[in-house]
Amino acid sequence: MTTVMALIAGTLYGLIIGILPGAGATTGLIFVFTFITLFPDPYLAVVFVMAVVAASTTGDTYTGVLLGIPGANSSAATMVDGFPLALQGKATYAISAAVTTSTLNGLLWGLLTFLLLPYYTNLIMIFGVPELWAFTVLALVCVTFITNKYWFRSCLALSLGLLLGLIGVDPVTNADRWTGGWEYLGAGIQLLPMVAGLFAIPELFEGLKTRSSTSVITTGNNLQTKQGIIAVWQNKWDALRGGLIGAFIGLLPGLGGAVADWIAYSSTVASHPNDKFGNGNIKGVIGPEGANNAQKATSMIPTVLFGIPGAPFAAIIIGLFAYLDFELGTLELANDGKFFNSLLIGFILATVLVGWLCLLVTPLIARVAQIPYKYYFPVLLGVIVLACVQYTGRWEDYFILILCSALGMLAKKYKFSRPALLLAFILADRIEALTVQMTGLYTVERLLDRNIFLVLIVITVITLVWGLTNKRKIDYA
Amino acid sequence: MRKLLLGLTFAMVASVAQADYTMIVPQKPGGGTSVWAEIVAKELEKYLGEDINITHIPGARDIPGFNTWHKEMREDDKVIMVSHGGNGVSFLQEEVAYDYRQYESIGLMNLNIIAGKAIGDDMTAPRFAAGSGMVPEAFAMTMLLCGPKNSIDEYVECFKENVTWVSGMSGSERRLAFRRGELNGTRENPAAYKKHVEPDENAEIWFHHGILQSDGTHSDDPNYPGYQFEILFEQRWGVAPSGDFYNAYKLVKSFRDGMQKALWVNAGNPNATVLQTALTEMSNNADSRAIIEKKVGKYEWKIGDDGNSHRDTLMSFVTESALTDLVQFNTEALGLRSIVKDNLTK
């Protein structure tokens with residue numbers, strides 16, 4: 001197998017995984033465990049894996065825009081304005097803008113990441129527990145007070161997300177917490193049923209009502225592809241800012257694509273106070289979409305340099321690379337030029353390839369929305385359910401998925417911010433742990449000496465005040 | 001469509017009829033033991049002549065998977081359980097269903113765990129990541145710091161006064177916090193120590209726990225000579241460590257490190273000998289050994305009777321007083337919920 005074959009195979013596989021609702025890079029990489037040893041050369045497997053990451057991150061735009069179902073939780077922000085655009089007959093326009101932004105940010109941050117990888121160590125070292133805590137709080141404030149105009153309901157959603165996210169193990173006593181004696185909940189509610197229940201399932205059933213016979217979406221033509229590319233140029237600062245935010249968040253261990261996307265989306269909304277969002281504003285697609293690809297690229301920095309996953313998908317990569325005898329975080333690997341070249345080739349060329357492929361066939365793929373909904377509804381539902389019952393495969397998985405779906409439908413109906421609920425759920429144990437760590441390791445005096453921490457706190461307060469006073473916010477829940 | 005369904009059904013039945021071996025791993029893919037199991041399974045298949053499928057049954061503290069195997073799957077002759085040191089610690093202090101005394105060892109890896117510290121730090125005020133997996137380090141640093149004491153209460157008090165026990169850190173967060181200097185101590189298995197601590201110019205070895213011998217003693221690690229806890233304690237305090245607190249330490253460190261990675265089948269499993277033979281052949285092959293050692297370091301396999309004997313040695317450390325002291329220190333000093341399991345001494 002040659003590098004080209006590994007690249008094409010990884011790109012196509014990643015694109016398909018990205019398009020599947022509820023899947024995304026993490027799920028796609030888990031499946032790679034089953035055939036990773038079939039590669040004749042471990043460096044080819046590295047190319048394949050990086051191609052999967054790049055392609056799935058671009059591909060997950062499709063279902064978000066076309067069906068209102070995020071391909072992964074990290075593409076949910078793109079969906080807010082992307083799906084209304086599709087309903088207006090501008091699906092190709094939205095996807096082409098999203099793919100162009102993804103490709104450009106993927107290339108920019110991919111090159112900056114993989115060419116300069118050895119020089120980033122210092123950035124990681126100055127971002128300690130207090131800064132991570134402040135940044136996590138900032139993410140929660142952004143998603144609660146900026147992306148939804150019903151801020152009180154968002155606070156309730158945030159609280160519920162935190163409560164649900166804290167089910168599992170108490171980090172201090174190491175004992176089960178709020179599990180009601182149910183062993184299944186000992187490891188907490190799993191992410192996938194929560195994401196699918198909050199977003200995918202409600203949108204699917206919504207589609208049954210609105211698209212019961214045939215799709216109302218028209219896909220346009222090649223003209224929309226050009227318009228999408230032009231829109232990126234016209235809103236280049238939104239695209240670049242989104243990429244910058246994603247790149248920064250990618251550097252911070254544990255903060256996944258969802259955080260990057262929502263902060264990028266929030267910053268886009270905040271940057272255009274006179275624009276309306278949530279009803280099909282192309283800026284709402286361009287802003288967050290590049291963050292995702294940039295975050296995927298830069299999260300490889302802590303992953304490769306320290307063996308510390310920069311995001312959930314990177315934790316899988318560490319396992320996969322260990323399988324291939326590549327020990328991340330070692331000096332031995334740091335001197336392996338072929339390994340770094342494989343990372344670079346896999347990510348960059350796959351970004352180009354998938355970008356070109358998507359722009360070429362978007363009008364074709366977008367026609368999926370013209371298929372009568374009743375035909376692909378059961379297929380999508382089946383794929384989502386299948387993905388969500390991988391944890392144990394038992395009845396408990398189905399039960400939790402049903403509960404999460406009911407929660408998602410209620411939240412959607414009554415305008416309780418689902419993004420806030422989801423992000424709080426994802427970050428609950430992290431914010432708790434960081435709070436415990438910060439109070440254990442730092443005194444107030446020591447915290448006041450940390451400039452980055454203070455800057456983040458100030459930004460958080462400004463964001464909070466702006467969110468509470470600004471009336472021009474989106475109506476997305 | 002009907003033909004397709006029939007074909008699929010036939011393929012599934014044929015697959016079941018082949019009845020390959022299954023390894024139950026009590027955690028998600030990508031975890032340390034999961035990766036180890038994947039590597040071992042791939043190597044073992046070559047000598048076993050049959051495929052080994054990996055089934056992950058994850059859950060809190062990796063207990064549900066082991067419990068499920070114990071309660072529902074261990075009667076199946078083709079199912080192998082994979083366990084790690086954390087399961088050993090939970091066995092001592094938590095309400096779990098599994099019980100090592102009822103199983104036959106296919107093989108286990110008797111490892112050592114190495115603690116590192118910030119270079120030049122006298123470690124009179126350790127800042128260390130908490131968690132049930134860190135209990136042996138808490139015991140060791142308390143004794144090194146506080147010296148010979150008369151009672152558990154004194155050790156608890158000394159620990160609370162001197163140690164900052166930082167909860168909620170994953171392994172990767174702990175490594176980063178140590179590199180940043182937020183923690184001044186850390187610990188790793190030998191392979192991870194080489195990867196994460198040794199290359200760090202601001203870090204140096206603090207102590208290691210030693211390698212459990214068949215006579216129940218712990219010997220110095222030839223990879224880190226002179227840094228065994230017992231040696232350092234005697235150098236510092238002029239006497240060898242002893243007493244109830246030390247016995248509790250010896251108990252918990254042995255159950256974590258002595259069965260750091262292990263393969264089990266139910267007692268009386270007719271395939272045990274076949275599996276042990278295959279594992280022996282695998283462990284004698286330099287290439288296979290090298291692949292596995294890259295993950296955990298150079299430590300010997302204890303296979304079959306040796307594994308069972310090793311397990312029996314561990315069980316000899318289980319006394320009522322050691323369990324009681326372990327639980328008291330866990331709850332009062334470390335804040336960990338744990339229980340005294342009377343049934344272990346019966």
Derivation of the side-chain hydrogen bond (donor to acceptor under 3.5 Å, both in side chains) call for B/Tyr21 and B/Glu45: CA-CA 9 Å; B/Tyr21 282 93; B/Glu45 280 175 348; over 6 Å; no
Distance-only, no hydrogens or angles: does the [X] side chain make a donor-acceptor pair with backbone N or O of [Y] under 3.5 Å?
| X | Y | answer |
| --- | --- | --- |
| B/Lys117 | B/Asp121 | yes |
| B/Lys253 | B/Ala248 | no |
| B/Glu188 | B/Lys194 | no |
| B/Gln260 | B/Arg256 | yes |
| B/Arg179 | B/Arg174 | no |
| B/Lys341 | B/Glu95 | no |

Contact class of [X] relative to chain B, heavy atoms under 4.5 angstrom:
| X | value |
| --- | --- |
| A/Val436 | side chain |
| A/Val169 | side chain |
| A/Glu432 | neither |

Counting only non-hydrogen atoms closer than 4.5 Å, does [X] touch chain A with its backbone (N, CA, C, O), its side chain (CB onward), both, or neither?
| X | result |
| --- | --- |
| B/Asn67 | side chain |
| B/Ile57 | neither |
| B/Thr331 | neither |
| B/Leu334 | backbone |

Side chain to side chain contact (heavy atoms under 4.5 Å, CB included) involving A/Val137 - partner list, sequence neighbours excluded: A/Trp133, A/Val141, A/Ile431, A/Thr460
Residue, of A/Leu441, A/Thr435, A/Leu434, that accumulates the most heavy atom pairs under 4.5 Å with chain B: A/Leu441
Chain B neighbours within residues 176-185 of chain A, where any heavy atom lies under 4.5 Å away: A/Asp176, A/Glu183
Residues of residues 444-451 of chain A with any heavy atom under 4.5 Å of a heavy atom in chain B: none
cation_pi(B/Lys71, B/Phe66) dist<6.0 Å, angle<=45: no
Between B/Lys46 and B/Ser288: side-chain donor-acceptor atoms closer than 3.5 Å: no
Lys/Arg-Asp/Glu bridge criterion (N-O < 4.0 Å) met for B/Glu72, A/Arg394: yes
salt_bridge(B/Glu43, B/Arg289) N-O dist < 4.0 Å: no
Under the ring-ring contact (aromatic ring centres under 6.0 Å, His included) test, residues paired with A/Phe321 that sit two or more places apart: A/Phe339
Contact leader toward chain A among B/Gly168, B/Ser167, B/Pro64, where contacts are heavy-atom pairs under 4.5 Å: B/Ser167
Chi angles and distances behind the side-chain hydrogen bond (donor to acceptor under 3.5 Å, both in side chains) call for B/Asp62, B/His84: CA-CA 9 Å; B/Asp62 299 343; B/His84 60 81; 2.7 Å; yes
